Amino acid sequence: MTTYTDTAPPPISEQGWFSRSESWLDSKGKGAWIAAMVLGFVFFWPIGLALLFYMTWSKKMFASSCRNMSRRKSWSRHAMSSTGNSAFDAYKEDTLRRLEQEQSDFESFLQRLRDAKDKAEFDDFMDDRAKVAGAESDPVNSSKDT
């Protein structure tokens with residue numbers, strides 16, 4: 001026994017104007033969607049707003065970035081594969097290891113920099129708080145203010 005499933009999209013003539021417009025914009029890419037949204041805002045702002053909500057809701061804005069991420073992952077797997085030239089493979093491995101070390105060193109430097117900035121801001125806050133507390137407890141300074 002065989003089963004038949006129709007998975008082909010309906011012919012263009014059976015689709016409504018909205019489906020045809022959506023298909024046309026999809027075929028042109030993300031730039032066409034953005035251009036349509038901008039033109040919608042220029043000519044009649046509710047249309048632009050509706051397109052913005054539709055693109056966000058249907059995830060049109062983020063669909064291609066997911067495809068690009070899978071390409072990047074496959075590229076990284078390809079970059080780690082052997083070329084057959086042992087000298088080049090050793091050089092590539094050494095360079096990648098060095099770059100990873102430099103990246104981790106730089107990230108730790110940035111973290112230390114952020115920590116130092118946070119500590120300086122906290123110390124300034126505590127100094128200001130101590131000055132305010134000292135001014136409130138000093139009766140000589142408080143009588144001069146009044």
Side-chain angles (χ1 to χ4, degrees), residues 1-137 141-142 145:
M1 182 172 163
T2 60
T3 59
Y4 173 75
T5 305
D6 186 19
T7 58
I12 301 270
S13 62
E14 292 180 21
Q15 292 180 346
W17 67 271
F18 183 76
S19 297
R20 285 193 311 262
S21 301
E22 182 183 16
S23 297
W24 184 80
L25 285 171
D26 281 342
S27 69
K28 301 300 180 194
K30 191 189 302 187
W33 280 99
I34 294 172
M37 179 187 62
V38 169
L39 289 174
F41 274 115
V42 168
F43 291 115
F44 188 59
W45 68 267
I47 292 175
L49 192 62
L51 277 171
L52 176 65
F53 285 136
Y54 177 73
M55 289 179 348
T56 304
W57 174 75
S58 65
K59 308 225 181 338
K60 296 270 185 219
M61 292 299 294
F62 310 110
S64 64
S65 64
C66 295
R67 280 181 274 160
N68 290 339
M69 178 141 344
S70 65
R71 286 184 197 145
R72 277 181 271 169
K73 287 181 182 177
S74 67
W75 180 82
S76 66
R77 281 192 300 263
H78 177 69
M80 297 305 290
S81 64
S82 175
T83 62
N85 184 337
S86 60
F88 178 74
D89 287 342
Y91 169 76
K92 181 174 73 170
E93 183 179 328
D94 182 49
T95 302
L96 288 174
R97 188 177 333 111
R98 183 180 51 81
L99 288 173
E100 288 172 356
Q101 180 63 38
E102 287 178 6
Q103 180 181 6
S104 65
D105 291 345
F106 183 68
E107 287 173 355
S108 65
F109 167 74
L110 287 178
Q111 186 60 43
R112 287 192 314 269
L113 197 62
R114 286 185 201 109
D115 292 342
K117 181 183 174 193
D118 290 346
K119 183 174 181 347
E121 288 176 356
F122 179 73
D123 290 343
D124 289 343
F125 168 74
M126 292 304 287
D127 290 342
D128 291 344
R129 188 172 169 210
K131 287 178 188 175
V132 169
E136 289 176 357
S137 65
N141 288 338
S142 59
D145 292 337

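These values consider heavy atoms only, across backbone and side chains, with no hydrogens, waters or symmetry-generated copies. Not measured: the values here are computed from a predicted model.
Scanning for salt bridge (charged side-chain N to carboxylate O under 4.0 Å, His left out) contacts around E107 gives an empty result, with sequence neighbours left out.
In plain terms, the two heavy atoms of D89 and S82 that are nearest each other are OD2-OG, 2.8 Å.
The distance from atom CG of N85 to atom NZ of K92, rounded to the nearest 0.5 Å, is 10.0 Å. Between D118 atom CG and Q111 atom CD the span is 8.5 Å, to the nearest 0.5 Å. Note that CZ of F88 and CD of E93 are 12.0 Å apart. Values are rounded to the nearest 0.5 Å. Atom-to-atom distance recorded for L51:CG and I47:CD1 is 7.5 Å, nearest 0.5 angstrom.
Pairs engaging residues 122-133 under the side chain to side chain donor-acceptor pair (under 3.5 Å) rule: K119-D123 [sequence neighbours left out].
W33 has its side chain within reach of E22: a pair of non-hydrogen atoms, C-beta onward, lies under 4.5 Å apart. In this structure the side chain of R20 never reaches within 4.5 angstrom of the side chain of W24, judged on heavy atoms. Side-chain contact between F106 and Q103: absent, with no pair of heavy atoms (C-beta onward) separated by less than 4.5 Å. Between R112 and S108 the shortest side-chain heavy-atom distance falls below 4.5 Å.
For the pair R97 and D94, the salt-bridge criterion is met [side-chain N within less than 4.0 Å of a carboxylate O].
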